[in-house]
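So the structure is just underneath, and the comments pick up after that.
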2 protein chains.
Amino acid sequence: MPTPPQAPPSPTCTLKDLAVRSGISAATLSRVLNHPQIVRPDLRAKAEVVLAEAGYVPHGAARSLASRRTRTIGAVVPTLDSALFAKIVEGLQHRVHAAGYQLLVASSGYSPAREGAQVRSLIERGVDGVMLVGAVHADATIRMLQTRGIPFVSTCHYDPRAAWPTVGWDNVASAERVADYLMDIGHRRFAVIAGLTTDNDRAADRVNGFRRAIERRGGALAAADVLQRPYTVVEGRSAMASLLRRPKPPTAVLCGNDILAFGALQECLWQELDVPGQISITGFDDIEMAAHCRPGITTLHVPATEIGERAAAVLLTAIAGEAAGGADDHVNLELELILRGTTAPPAGARPVARSAAAPRRRAAASMEKT
Amino acid sequence: MPTPPQAPPSPTCTLKDLAVRSGISAATLSRVLNHPQIVRPDLRAKAEVVLAEAGYVPHGAARSLASRRTRTIGAVVPTLDSALFAKIVEGLQHRVHAAGYQLLVASSGYSPAREGAQVRSLIERGVDGVMLVGAVHADATIRMLQTRGIPFVSTCHYDPRAAWPTVGWDNVASAERVADYLMDIGHRRFAVIAGLTTDNDRAADRVNGFRRAIERRGGALAAADVLQRPYTVVEGRSAMASLLRRPKPPTAVLCGNDILAFGALQECLWQELDVPGQISITGFDDIEMAAHCRPGITTLHVPATEIGERAAAVLLTAIAGEAAGGADDHVNLELELILRGTTAPPAGARPVARSAAAPRRRAAASMEKT
DNA sequence: TTGAAAGCGCTAACAT
DNA sequence: ATGTTAGCGCTTTCAA
């Protein structure tokens with residue numbers, strides 16, 4: 001290890017130590033740290049040198065005890081092992097870091113009880129704000145937050161009547177769009193490979209949207225046509241395999257997210273089925289892979305990073321404004337339907353007039369071959 | 001909102017409040033929380049009721065100020081938007097949560113300077129331990145940690161001489177194994193699609209390993225044969241595209257991770273090349289997708305969750321033992337080489353005797369067709 | 001075993 | 001504009 005270029009910082013030095021050593025009071029040192037403008041420039045400069053030379057690092061606990069703020073934001077997501085949530089957290093993180101906040105992350109494993117425990121633990125740590133995912137939470141969780149006036153925001157869903165701010169999109173309406181598009185190009189026989197809908201309002205809403213759109217046009221989605229699976233590639237594959245074993249497989253399979261869709265697609269490819277010739281597949285989220293696999297996956301684009309950033313903005317505003325989170329803050333993002341290679345009219349279908357409003361197919365990636 | 005099932009917790013109640021209200025001293029209440037065994041059972045029971053009825057949540061800052069511990073662990077990873085790091089963090093999180101710790105995560109974007117800033121910020125928050133990724137860190141970063149006696153561990157690499165604990169594997173040796181396998185089956189003309197090696201020792205080590213193995217057998221890897229790209233699918237695709245434009249493309253492409261390999265593979269598929277017939281591809285990490293895409297990607301399996309869990313164990317032990325991290329703690333995990341469909345002998349190669357020690361091809365996923 | 005009291009290191013009134 | 005002082009809520013000696 002090279003020689004320390006700077007003076008070796010003492011194990012831990014406090015403002016009081018420095019006050020004694022430098023002749024500048026601890027209060028002024030503290031002001032230089034927190035409100036530099038109100039300290040006369042020459043003294044401030046001197047103080048800054050003292051602080052820097054000592055390699056001073058503030059003691060966060062003492063700081064928050066005295067100031068009643070921790071400069072820490074909490075986030076509870078179902079799992080980090082998901083391109084979607086990881087991106088949302090990254091977006092949140094970048095924004096809160098820029099504002100001098102640190103991020104405390106926890107995962108709930110899709111369990112409201114675990115989410116509650118995590119929120120409690122975050123509150124103990126004194127977080128100044130909390131980001132949650134979804135519409136469904138234990139009553140106690142919400143109450144803990146509200147009682148203490150801690151700003152929080154829920155993401156990945158849209159609910160104008162929620163009593164707290166939300167940043168997301170309408171899962172029902174989005175799912176309807178996908179189903180409508182498939183019906184527009186002639187599909188009538190569907191199956192759904194959904195996520196686990198228990199305690200997952202997003203997954204449930206998507207199924208509801210698919211069903212509603214289908215029924216609106218006189219079709220039906222039997223209970224047996226909806227397979228619920230954890231969000232993994234292998235589950236998508238096995239679900240598709242079971243669908244293909246049916247005497248009369250669906251002509252289109254609507255998947256709860258891109259991971260399931262990718263698995264479903266790969267199973268078809270392994271079975272040497274023609275996608276989309278024999279079967280169409282759709283996803284949800286638009287993770288990077290969806291644009292580059294072959295064929296590309298038709299899906300809805302979720303602007304994950306933006307969601308995290310906007311959630312951060314909502315939280316930061318609420319914290320700054322001493323407001324406990326305006327219930328009027330309901331961001332509703334429109335998801336773009338991205339048409340790629342996994343969807344086409346069903347085999348033998350007579351060409352169907354595409355509705356005027358139907359989205360146009362687009363090259364998924366710059367390099368993509370038609 | 002339904003009626004609160006429990007007594008509505010007062011906005012914030014302190015131990016002192018409860019002491020006054022209940023007649024039990026704050027000190028005893030505190031003992032019930034932290035060392036229940038040393039309080040007489042009947043008093044303890046009474047105290048527990050008081051605490052529960054009040055919906056008491058300890059004030060973390062006050063607690064850590066007094067106890068000099070925060071029950072918080074920090075982790076700085078290059079990015080959360082990576083299946084590998086996300087899994088590692090999940091593993092770490094599960095283990096530290098089980099021990100009553102909360103996780104503070106930060107990302108460095110592969111920059112040592114940003115990493116240093118994040119570590120500093122974590123120290124301010126009083127983390128009891130820190131998980132880092134890789135061997136390369138700013139001197140100041142390590143010093144900050146060591147000076148304060150904060151236990152830390154670095155992951156994803158193996159270095160028996162590191163002055164702090166490490167949990168990982170030997171990237172050079174692992175990369176050599178992949179290259180050796182490819183040479184065993186007859187390949188001689190290679191290209192590498194590596195990650196960005198600047199400030200990324202893992203990426204650099206892998207390139208070194210590839211090169212070393214190739215040169216050991218009399219081959220060579222020219223600088224132009226090593227393409228450095230960010231870890232994204234689209235970069236893997238474009239790198240492969242540029243390789244395929246060469247007059248004499250390589251017969252095997254070694255990729256820095258599975259994301260690059262996936263992109264490289266998809267580009268070949270879009271160009272209707274036969275993989276592995278015309279070109280072989282290897283990855284690194286064994287993310288879920290690698291097992292299920294078609295063809296499956298030959299890669300090295302990194303036990304990501306286990307890495308996070310073991311890092312947690314190292315940290316927790318160091319914290320409990322008041323030890324500042326034994327430098328003797330160097331976990332070296334052997335990565336299994338998983339043979340899948342993206343690799344085969346080069347076209348026109350005469351069959352080569354497979355070395356006795358060579359790994360056997362295995363079915364990548366239960367459902368995989370040969 | 002329990003209670004009283006002294007801080008932990010900092011910030012924010014309050015004086016000056 | 002700066003220094004002095006009083007806590008923030010808890011844990012942990014120290015007495016009892």
Side-chain angles (χ1 to χ4, degrees), chain A residues 9-48 50-51 54-72 100 123-128 148-149 322, chain B residues 9-48 50-51 54-72 100 123-128 148:
Chain A
S10 58
T12 309
C13 81
T14 69
L15 281 189
K16 206 169 156 192
D17 297 341
L18 294 181
V20 174
R21 248 196 270 166
S22 68
I24 306 175
S25 76
T28 297
L29 257 11
S30 167
R31 285 188 195 104
V32 169
L33 256 17
N34 301 295
H35 318 281
Q37 329 77 319
I38 69 168
V39 177
R40 218 190 322 117
D42 54 327
L43 219 205
R44 188 204 313 171
K46 199 181 144 198
E48 276 161 353
V50 171
L51 259 7
Y56 175 75
V57 175
H59 188 295
R63 208 174 202 184
S64 11
L65 182 56
S67 68
R68 336 269 309 128
R69 303 178 56 236
T70 57
R71 304 221 124 225
T72 294
I123 291 176
E124 277 191 37
R125 263 87 183 173
V127 290
D128 296 331
R148 291 173 178 76
E322 311 285 355
Chain B
S10 59
T12 308
C13 81
T14 69
L15 282 190
K16 206 171 159 192
D17 296 341
L18 293 181
V20 174
R21 248 196 271 167
S22 69
I24 305 175
S25 76
T28 298
L29 257 10
S30 167
R31 286 188 194 105
V32 169
L33 257 15
N34 301 294
H35 319 282
Q37 329 78 320
I38 69 166
V39 177
R40 218 188 322 118
D42 53 327
L43 220 205
R44 189 204 313 171
K46 202 181 142 197
E48 275 162 354
V50 171
L51 259 7
Y56 175 75
V57 174
H59 188 294
R63 205 173 204 184
S64 10
L65 181 54
S67 68
R68 338 264 315 123
R69 303 177 58 236
T70 57
R71 302 222 126 226
T72 294
I123 291 175
E124 277 190 36
R125 263 86 183 175
V127 290
D128 296 331
R148 290 173 178 76

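Lettering of chains follows the sequences in order, A, B, ..., and the numbering in each one begins at 1. Keep in mind the model is a prediction, meaning the values are calculated, not measured.
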To the nearest angstrom, how far is [X] atom [atom1] from [N] atom [atom2]?
| X | N | atom1 | atom2 | answer |
| --- | --- | --- | --- | --- |
| A:Glu124 | D:dG9 | CD | C1' | 13 Å |
| A:Leu65 | C:dA12 | CG | P | 12 Å |
| B:Leu33 | D:dT12 | CG | C1' | 14 Å |
| A:Ile38 | D:dG3 | CD1 | P | 12 Å |
| A:His59 | D:dC8 | NE2 | P | 18 Å |
| A:Arg69 | C:dT11 | CZ | C1' | 12 Å |
| B:Asn34 | D:dG9 | CG | P | 17 Å |
| B:Lys16 | D:dT11 | NZ | C1' | 15 Å |

Problem set entry | Nearest atoms (heavy-atom pairs only) where A:Ala54 meets A:Cys13 |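 In this case the closest contact between A:Ala54 and A:Cys13 is CB-SG, 3.9 Å.
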Exercise. Which heavy atom in B:Thr70 sits nearest to a heavy atom in B:Ser64, and how many Å separate them?
Worked result: CG2-CB, 3.6 Å
Just the atom pairs and distances: protein N or O near nucleotides 13-16 of chain D's N or O, under 3.5 Å.
from: D:dT13; atom 1: O4; to: B:Arg31; atom 2: NH2; distance (Å): 3.2

Exercise. Can you tell me how far CG of B:Leu18 sits from OG1 of B:Thr28, rounded to the nearest 0.5 angstrom?
Worked result: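 Output value for this atom pair is 12.5 Å.
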Problem set entry | A:Ile24 side, atom CD1; A:Ser30 side, atom OG - distance, nearest 0.5 Å |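 Answer for the CD1-OG pair, A:Ile24 versus A:Ser30, is 12.5 Å.
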Would you please confirm or rule out a distance under 4.0 Å between OP1 or OP2 of [N] and any side-chain N or O of [X]?
| X | N | result |
| --- | --- | --- |
| A:Arg63 | C:dT11 | yes |
| A:Ser67 | C:dT11 | no |
| B:Arg68 | C:dG9 | yes |
| A:Ser25 | D:dG3 | yes |
| A:His35 | C:dA12 | yes |

Exercise. Which is it for A:Val50 and A:Arg21 under the side-chain contact (heavy atoms from CB on, under 4.5 Å) test, yes or no, and what are the steps along the way?
Worked result: CA-CA 9 Å; A:Val50 171; A:Arg21 248 196 270 166; over 6 Å; no
Exercise. If you find the nucleotide of DNA chain D closest to B:Ala26 and the one closest to A:Ala66, which residue's nucleotide is nearer the 5' end?
Worked result: A:Ala66
Exercise. Side chain of A:Arg40: nearest nucleotide among C:dT11, D:dA1, C:dT2?
Worked result: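 So the side chain of A:Arg40 is nearest to D:dA1.
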For this session: Please tell me which of the listed nucleotides, C:dT2, D:dC10, D:dC8, lies nearest to the side chain of B:Thr28?
Result: C:dT2
Exercise. Within the structure shown, what part of the strands sits under 4.0 Å from B:Leu43 by heavy-atom distance: base, sugar-phosphate, or nothing?
Worked result: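 Touches sugar-phosphate only.
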Exercise. Which part of the nucleic acid, if any, lies within reach of A:Thr14 when heavy atoms closer than 4.0 Å are counted: base, sugar-phosphate only, or nothing?
Worked result: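 The residue A:Thr14 makes sugar-phosphate contact but no base contact.
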Please set out all donor-acceptor pairs under 3.5 angstrom arising from side-chain atoms of residues 55-63 of chain B, sequence neighbours excluded.
from: B:His59; atom 1: ND1; to: B:Ala61; atom 2: N; distance (Å): 3.3
from: B:His59; atom 1: ND1; to: B:Ala62; atom 2: N; distance (Å): 3.1
from: B:Arg63; atom 1: NH2; to: B:Asn34; atom 2: OD1; distance (Å): 3.2

For this session: For the pair B:Arg71 (side chain) and A:Arg125 (backbone), establish whether a donor and an acceptor sit closer than 3.5 Å, ignoring hydrogens and angles.
Result: no
Problem set entry | Under 3.5 Å donor-acceptor, A:Arg44 side chain and A:Pro36 backbone | yes
Problem set entry | B:Pro41 or A:Leu15, whichever maps to the more 5' nucleotide of DNA chain C | B:Pro41
